[in-house]
Amino acid sequence: MNRNVQSSLIFTGTAAAALALAAMSSVAYADDITIDPTPFVSTKSRAEVRAEVLGKAEQIRMAHGEGGPMEMNRAPFKSSLTRAQVRDEYLASRGEVKAFTGEDSGSSYIAAMQPRRSGMILAESDR
């Protein structure tokens with residue numbers, strides 16, 4: 001009896017998989033387009049649209065984060081460094097940045113920067 005049940009379940013599963021495969025075999029392409037044959041007719045003139053957009057310029061600017069409430073309350077940025085100091089700091093750090101973005105992610109740079117121990121340290125010796 002078990003063999004009959006088992007074989008009928010296998011047959012049913014295979015038939016269901018075949019039906020599912022047949023249902024999915026319909027061809028649909030992502031590049032197919034639907035062209036709307038009705039032409040677009042505007043209800044406003046170009047000048048009316050332009051005036052409407054310019055009238056809402058403040059709302060558009062705030063929606064895009066330009067001059068919104070967060071920026072209006074913020075104090076202007078004041079640097080404590082001069083332009084020359086920032087440039088010199090950047091030029092001094094270029095080697096370090098190059099080392100950390102290299103193939104070994106800076107491990108050889110870090111190893112070279114660690115101080116070398118002078119003398120031998122044995123497991124039995126007191127430190």
Side-chain angles (χ1 to χ4, degrees):
M1 181 81 175
N2 283 339
R3 283 187 193 167
N4 290 337
V5 172
Q6 188 178 16
S7 62
S8 65
L9 286 176
I10 291 173
F11 177 74
T12 307
T14 306
L19 287 174
L21 184 63
M24 293 187 328
S25 66
S26 63
V27 179
Y29 296 106
D31 61 346
D32 287 348
I33 59 170
T34 304
I35 299 174
D36 187 11
T38 57
F40 175 75
V41 179
S42 177
T43 58
K44 296 181 182 180
S45 70
R46 183 178 178 93
E48 289 173 330
V49 172
R50 184 173 170 86
E52 184 180 334
V53 169
L54 291 176
K56 295 181 180 180
E58 184 63 29
Q59 291 175 350
I60 293 170
R61 195 170 31 255
M62 289 182 71
H64 290 286
E66 300 171 7
M70 295 296 285
E71 291 185 23
M72 295 171 90
N73 295 333
R74 192 176 346 169
F77 177 74
K78 296 282 186 182
S79 177
S80 61
L81 301 174
T82 66
R83 181 180 173 89
Q85 289 172 325
V86 172
R87 187 191 69 237
D88 292 341
E89 185 177 317
Y90 166 73
L91 291 174
S93 69
R94 284 198 306 185
E96 184 177 358
V97 170
K98 184 179 179 184
F100 280 113
T101 57
E103 187 174 335
D104 65 348
S105 300
S107 60
S108 61
Y109 175 80
I110 293 171
M113 298 304 287
Q114 291 178 352
R116 301 282 181 202
R117 293 184 177 156
S118 60
M120 203 181 238
I121 299 176
L122 301 174
E124 299 170 359
S125 66
D126 293 330
R127 292 186 187 195

To the closest 0.5 Å, what do you measure between CD (Glu96) and OG1 (Thr101)?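 These two atoms lie 10.5 Å from each other.
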Does any non-hydrogen side-chain atom of Asp104 lie less than 4.5 Å from one of Tyr109?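 Of all side-chain heavy-atom pairs linking Asp104 with Tyr109, none is under 4.5 Å.
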Non-hydrogen atoms of Glu89 and Leu81 that approach each other most closely: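 So the minimum-distance heavy-atom pair works out to OE1-CD1, 4.1 Å.
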Looking at every non-hydrogen atom in both residues, tell me the closest pair between Val49 and Lys44 and how far apart they are.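 Minimum heavy-atom contact is CG2-CB, 3.9 Å.
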